[in-house]
Every structure is written in structure tokens, then in C-alpha cells.
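Structure first, commentary second.
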Amino acid sequence: MNSSIIHVILTGGIGSRLWPLSRKSQPKQYLEIFEGKSLFEMTVERNSHLANKVMVIGNVDNHHLSEKVMSKTNTEYLNVVEATPRNTAAAIAFAAFAAKPDDILIITPSDHIIDLMDNYNNAISEAVSKAEEGFIITFGVIPTKPETGYGYIEAKGDKVISFREKPNETTAKEFIARGNFLWNSGMFCFKAGVLLEELKQYQPDVYEKSKAVWEAAKDGFLDLALSMEIPSISIDYAVMERSKKIKVVPASFSWSDLGSFESVYEYLVSKGHSIDSNGNMVIGCECHTTFLGLKNTIFVHTVDANLILQKESSQDVKDIYNELERQNSDLLN
């Protein structure tokens, strides 16, 4: 058997909703705030026994951070370094070009928390066997609540009926009530050759331009000028929503993209991080902190910036980040 199972880790993204913890120089997937490990390191470990090769799709700003984790975990890997972010269709195309057509790729983001590992491993094996038959697999997580921070997959068995954008509260409740909606986890599994055929058919411009960039790569480093020509679109839009070869594996592992302080709060509470009797939490600070007359407040401390927020306002942190970006603030670095 010359083909391999390759774990492909996508490391783009800054985690703007976790500012001020997450910065351009230290995005959320590299923060060692989870029992002394980063989300990236946990991702590497979680999949180490499922695949026989590892590939990291990084970028000029973060590949040195990935390298630290890979040497800490003593993991050999193929390094692909994007010159500029071009969204997931291009990132996944590079992974497929870097592999042999019959290699099976398991694509995972680098910043997710996953528990209930038996269920996870079962979902991966089911996906690998469907990928061997020539299908492109997306993982749909059975939802535990009407979450507005995730996209959804409407499914019937392993068939995908539709992909849905992040819903508002009312729509999310409707999805849960209907019972056949899954969280779109952003994880995929397929043969490299199958994905490239579908990309070529449904999004030929991304296929051709990514191929040109890949062929001009030097030691896994991609050229900036050529990369700028690739349309910036997601793999969902380019392939998943259009291909006839898509199957979904509904999975009941516990999953969160830790995209907001609310989800970080819930995770930390589950791991025994202390809160006071009114549900207030301190992150990043050892000094004694008292909350008076406040409930469900999160105090986030860093060297040069503090954030104090109601847990329910977690999604709005992105607006603060965007405002600081407009001001070209050093507080993002």
C-alpha cells in the first residue's frame, strides 16, 4: 500500500474574538492556556495515532510557532507556508497537491477542543473508509444546544441536504427542534485526487491558480505575487455545497472551536478553573480579584491590555478587535 493517511492541520486565523489573549504574534491556537498545552499541540497529539504522516499548512506569520510545537512533540511533518491567507479552498488545494492522488487526507483546524475520544476515533475510521470509496466526507457534530456561532449541515443519514450559514437565535432553535441539523465542524476527509478533480470541475480558477503557486513553491514556501491571484473562497463554497460526492459523518464527540470567551469559560469551568458564587471568572491573572455586584463577568488580564466583559457579550469582542485594527493599534501585535 503506497498511499498514506495524512493529517493536515490548517493553522490560519487569528482568533479575533479572544483578544487580548489572542494576538497577531500569538494567535489563539498557540496559547498554552489549556493545562500547559496549546490547542495546536492538542490537535497534533489527538491525531498522531490516526495518521502516518502530518502536514501543516501555515503562513509567514505563524509557521515558526508551529515549528516550536512540532519539535516539542517530536513530530516530523511536511511544512507548507502560505505567503498570504487565501481562505480554505486554496489551503486545502495546496495540501492535496502536496500529497499523492490516492493519499487520504484528514483535514482539521488547529484550534478546536475535542473530548469523548472513542466517538472521535470511530468517526475518523468511518470517514476514512468512505473516503476510500471515493467520497468527500465532512464531519457534522450532533449539537448540544442552539449555538449561533457555528454553521450547520442539514442531513439525512450520511446524505447532505444543505449547508447553512451561522443562524440567529430563532433559526438555531428551529434547527435543533427539527433534529436533523448538525454543527459544521470544518473537518474533512478525502482522497487528494478526488478533491482536486472536484475543485477543478466546480472552481477551476482556484484549481489552476493554486496549482501554479504550488508548482513554483520553494521548499514549501509559496510565492506572494502568484498567491494574490487565487480567489479567496472557502472550501464549503468551492466544493462542499456543489459536489455530488459529499457524505456527512454525524458524530457525537464533544466539540468546540473555542471561538469566544463564553466557550473558553465553559471549557475552563469543566476543567476546574475557579469562579466565584456569581459565576465571575478571572483569566490570565494570579492576583486577588473581587467582583462586587457583578454576575457572569469575565476579567481577562494581559501585560498591556485588560478586557472586562459579560459572558453573553462574547461574540462582540470581534468589534473591539476590528476597531483597534482601524486605529492600527499596537495592542493587536
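Nothing here was measured: the structure is a model prediction, and the numbers come from that model.
- Note that CE of M70 and NE2 of H63 are 14.0 Å apart. Values are rounded to the nearest 0.5 Å.
- No side-chain heavy atom of R17 sits less than 4.5 Å from a side-chain heavy atom of Y321.
- Contact check on E266 versus K311 returns no salt bridge, with no Lys/Arg side-chain nitrogen under 4.0 Å from an Asp/Glu carboxylate oxygen.
- Checked by atom type and distance alone, the side chain of D236 never pairs as donor or acceptor with a backbone atom of M240 at under 3.5 Å.
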Please evaluate residues F299 and N280 with respect to the criterion side-chain contact (heavy atoms from CB on, under 4.5 Å), reporting the C-alpha separation (whole Å), side-chain torsions for both, the decisive distance (0.1 Å), and the verdict.
CA-CA 8 Å; F299 172 52; N280 300 304; over 6 Å; no
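- Looking only at atom types and distance, the side chain of H7 has a donor-acceptor partner in the side chain of T108 under 3.5 Å away.
- A cation-pi geometry, defined here as NZ or CZ lying under 6.0 Å from the six-membered ring centre and within 45° of its normal, holds between R242 and Y237.
- Remark: side-chain polar atoms of S185 are not paired, donor with acceptor, to backbone N or O of V141 under 3.5 angstrom.
- Heavy-atom minimum distance, S66 versus T11: OG-CG2, 4.1 Å.
- Side-chain atoms of T289 come within 3.5 Å of backbone N or O of C287 as a donor-acceptor pair.
- Residues I9 and Y77 fail the side-chain proximity criterion, which asks for heavy atoms closer than 4.5 Å.
- Residue I137 holds its CD1 atom at 10.5 Å from CD of E132, rounded to the nearest 0.5 Å.
- A single hydrophobic cluster is seen to contain both F190 and Y207, as judged by linkage of ILVMFWY side chains at heavy-atom distances under 4.5 Å, directly or through other members.
- For K245 and E197, the salt-bridge test passes: some basic side-chain N is under 4.0 Å from an acidic carboxylate O.
- A heavy-atom distance below 4.5 Å is not found between the side chains of I176 and K145.
- The shortest distance between side-chain heavy atoms of Y152 and T171 does not fall below 4.5 Å.
- Between the side chain of S22 and the main chain of W19, no donor-acceptor pair closer than 3.5 Å is present.
- A donor-acceptor pair is defined here as one N or O able to donate and one able to accept, closer than 3.5 Å; no such pair exists between the side chain of N180 and the backbone of K156.
- Listed for the H273 side chain is a donor-acceptor partner under 3.5 Å among the backbone atoms of V282.
- By the side-chain contact (heavy atoms from CB on, under 4.5 Å) test, S71 is found to be paired with no residue, residues two or more places apart in sequence or in another chain being considered.
- Ring planes of Y150 and W255: tilted class, angle from 30 to 60°.
- Below 30°, between 30° and 60°, or above 60°: for Y120 and F253 the angle between ring planes is above 60°, a perpendicular geometry.
- In this structure, I233 CD1 and D205 CG are separated by 6.5 Å, a value rounded to the nearest 0.5 Å.
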Taking it one step at a time, do K72 and E32 satisfy salt bridge (Lys or Arg N to Asp or Glu O under 4.0 Å)?
CA-CA 13 Å; K72 178 181 172 185; E32 292 193 343; 3.4 Å; yes
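- Between the side chain of N119 and the backbone N or O of S252, at least one donor-acceptor pair lies under 3.5 Å.
- Of the N and O atoms on the side chains of E323 and Q327, at least one donor lies less than 3.5 Å from an acceptor on the other residue.
- Applying the ring pair (Phe, Tyr, Trp, His ring centres under 6.0 Å) rule to F40 yields the partners Y30; only residues at least two apart in sequence or on another chain are considered.
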N278/F291 under side-chain contact (heavy atoms from CB on, under 4.5 Å): CA gap, chis, key distance, verdict
CA-CA 9 Å; N278 288 315; F291 296 83; over 6 Å; no
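- Atoms CD1 and CG, from I308 and L294 in turn, are 8.5 Å apart once rounded to the nearest 0.5 Å.
- Side-chain contact, E154 with S162: a donor N or O sits under 3.5 Å from an acceptor N or O.
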Test salt bridge (Lys or Arg N to Asp or Glu O under 4.0 Å) on K247 and E133 and set out the steps.
CA-CA 11 Å; K247 295 270 187 204; E133 296 167 26; over 6 Å; no
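- For the pair V69/S38, a side-chain contact is recorded, criterion being any heavy-atom separation below 4.5 Å from C-beta on.
- Atom-to-atom distance recorded for D111:CG and Q29:CD is 5.5 Å, nearest 0.5 angstrom.
- Here the side chains of Y202 and K244 are in contact, with some heavy-atom distance below 4.5 Å.
- Under the 3.5 Å distance criterion, with hydrogens and angles disregarded, no donor-acceptor pair is assigned to the side chains of N122 and S125.
- Using a distance-only test at 3.5 Å, with no hydrogens or angles considered, no donor-acceptor pair links the side chain of S243 to the main chain of V239.
- Within the 4.5 Å cutoff, no side-chain heavy atoms of T43 are placed close to those of H112.
- Nearest heavy-atom pair across A99 and L105 is CB-CD2, 3.9 Å.
- Between the OG atom in S329 and the CG atom in L324 there is a gap of 4.5 Å [rounded to 0.5 Å].
- For the residue pair R23/T302, the side-chain donor-acceptor check at 3.5 Å is satisfied.
- A donor-acceptor pair is defined here as one N or O able to donate and one able to accept, closer than 3.5 Å; such a pair exists between the side chain of S110 and the backbone of L10.
- Annotation: side chain of M281 is in contact with side chain of V269 (closest heavy-atom distance under 4.5 Å).
- Here the side chain of N87 pairs no donor or acceptor atom with the backbone of A89 at under 3.5 angstrom.
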